[in-house]
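Beneath this line is the structure, given in structure tokens, with notes to follow.
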Amino acid sequence: MSDESNDPGATKPAPETAGEGVREDTERRNFFKAAALGAGVAALAGAMHGKYGLAPVISEAQAQTGAGGTPWWPSRWGKDDEAGASNWITPEKVLDAAKWIKEGKVYRIGRVYESGMPMFGARAFALRIPGGPTGGPFGENKLVYNDEFLSTEIGQVGTQFDGLGHIGLQLGKEGDKNEMRFYNGHTAQEINDAYGLKKLGAEKVKPFFTRAHLLDVTAGRVWDAGQEVMMADVRAALERQRMREDDIKPGDAVFFNTGWGQLWMKNNDRFNSGEPGIGLEVARWLVGRQIALTGADTWATEVVPNPDKRLAFPVHAELLTKNGIFNHENLFFDELLKDRKFQFVYIFATTPMKGATGSAGAPIAVT
Ligand code: UVW
């Protein structure tokens, strides 16, 4: 739809190293134990924890490097940057995206937040309005009001936008927070605080108004957990949908519909047990296209478990940690697909909660 090329920074080649650091994480181990995906997942859970006596997947030196053996930091947007690929959203980019609005039709592409929704690991969502109305009556007009109390991992449940403080890699020695690196090389030592992240919080993400491309890779296929969406699937979807790869411009969004979202609130156990999704092959293609964000109708966007049983969520690290590319999970594309709308304007601003690891919210697509 547009031939605009909007590159505010130097082109950064796609990383070449395949490996990711491993870290101990009780919640994720619990998830993998709970996920009834058999020996593959159990092996991955084992590989994630040094006490199982397995060697680290890759050397520390490998883990510290991005493209061509160089560290993944400093970012193309400067050594202090905390906004990552949201920096692509310039006034020029917004004006170009606006050209895609032809009908004025608005689609909600996020889910309703409710207590029965599927959640990762032991995450919780509890909304309460005890003994309502909460207050009043006030004044001669007898006004009453209701307030809710919410207890949840607010940035990491339901439709969730992963921020740059969500995922890092343990480099150096196990537990050394000076060598737990996040986007732009920021360390756990620098950013972690019991009252919210001191850097890379959701409030640092610039609002999105950008062109988006939805790739429906289902093509009549019922995908299973652990099945990887490959470049061949991406290219087939582009062809089926009469879209061109070179129409994906820097700062655009690319989303994937796998069909897994059909399980939402219908079979939460299966939905949570793993998922189909992209792996490192497609992730590196996305990095090469210099997108601002990706997302899917699944809870991680990436294939779980990864076909390489040694790796845990390597796409999260490739995109968020190494390249500052955001990930919007548990999206809902049914209405767009029904109308065969594969290209639209994606609009979303994170709820600016200081120090949050991600954001809930209500993304919309406009055609
Ligand atoms: C992880 O923390 C991996 O989960 P999510 O998919 O929610 O980002």
Side-chain angles (χ1 to χ4, degrees), residues 20-35 37 41 44-45 47-49 84 110-111 113 117-125 152-170 180 182-183 188 191-192 197 200-202 205 225-226 228-229 255-256 258 260-261 263-264 268 270-280 282-283 286 293-306 308 310-332 348 350-351 356-361 363:
E20 301 298 337
V22 292
R23 63 175 288 213
E24 177 174 350
D25 182 321
T26 308
E27 281 215 349
R28 288 190 187 134
R29 281 206 321 279
N30 288 344
F31 159 73
F32 283 118
K33 282 176 187 160
L37 282 169
V41 170
L44 175 55
M48 288 171 76
H49 189 14
R111 299 273 187 186
Y113 297 84
M117 65 187 168
M119 279 175 284
F120 179 78
R123 289 175 188 161
F125 183 88
T152 186
E153 289 83 359
I154 188 64
Q156 298 297 334
V157 294
T159 294
Q160 61 200 263
F161 180 97
D162 282 351
L164 299 177
H166 179 44
I167 296 289
L169 290 170
Q170 166 77 80
M180 268 179 205
F182 290 76
Y183 166 71
I191 73 174
N192 274 96
L197 300 175
L200 303 179
V205 182
E228 181 172 343
V229 174
F255 298 121
F256 300 90
T258 66
W260 199 247
L263 299 170
W264 181 269
N268 287 354
R270 179 140 190 261
F271 184 83
N272 281 332
S273 71
E275 61 180 51
I278 62 171
L280 285 171
V282 173
L286 294 173
L293 82 156
T294 187
D297 62 334
T298 57
W299 53 265
T301 303
E302 68 175 293
V303 56
V304 182
N306 194 280
D308 182 341
R310 302 168 307 161
L311 302 181
F313 299 100
V315 170
H316 271 62
E318 186 71 29
L319 298 179
L320 289 156
T321 311
K322 294 184 175 177
N323 290 284
I325 293 173
F326 296 92
N327 180 19
H328 213 157
E329 300 160 336
N330 289 329
L331 293 171
F332 171 77
F348 183 72
T350 54
T351 307
T357 68
S359 179

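Read the numbers this way: they start at 1 and go in the same order the structure lists the ligands and their atoms.
- Between E302 and ligand 1 there is no heavy-atom distance shorter than 4.0 Å.
- Near F313, the atoms of ligand 1 lying under 4.0 angstrom from a non-hydrogen atom of the residue are 3 (C).
- Against a heavy-atom cut-off of under 4.0 Å, E329 is close to the following atoms of ligand 1: 5 (P), 6 (O), 7 (O), 8 (O).
- Counted by atom type alone, T301 and N327 present one or more donor-acceptor pairs between their side chains at under 3.5 Å.
- Screening Q156, R111, H316 for a side chain to side chain donor-acceptor pair (under 3.5 Å) involving E329 leaves a single residue, H316.
- Taking every heavy atom of Q156 and a limit of under 4.0 angstrom, the matching atoms of ligand 1 come to 7 (O), 8 (O).
- At a 4.0 Å heavy-atom cut-off, ligand 1 touches R123 through the side chain alone.
- Put simply, CZ on F161 and CZ on F348 are 6.5 Å apart, with the number rounded to the nearest 0.5 Å.
- Between I278 atom CD1 and T258 atom OG1 the span is 11.0 Å, to the nearest 0.5 Å.
- Heavy-atom contacts of D162 reach the following atoms of ligand 1: 8 (O) (cutoff under 4.0 Å).
- Atom-to-atom distance recorded for W264:CH2 and F332:CZ is 11.0 Å, nearest 0.5 angstrom.
- For ligand 1, the atoms lying closer than 4.0 Å to a non-hydrogen atom of Q160 are 7 (O).
- One distance of note links CG of L280 with CG of L311; it measures 6.5 Å at 0.5 Å rounding.
- Against a heavy-atom cut-off of under 4.0 Å, A300 is close to the following atoms of ligand 1: 6 (O).
- Atom OG1 of residue T294 and atom CZ of residue F326 lie 13.0 Å apart, to the nearest 0.5 angstrom.
- Ligand-side atoms of ligand 1 in range of W299: 5 (P), 6 (O), 7 (O), range being under 4.0 angstrom from any heavy atom.
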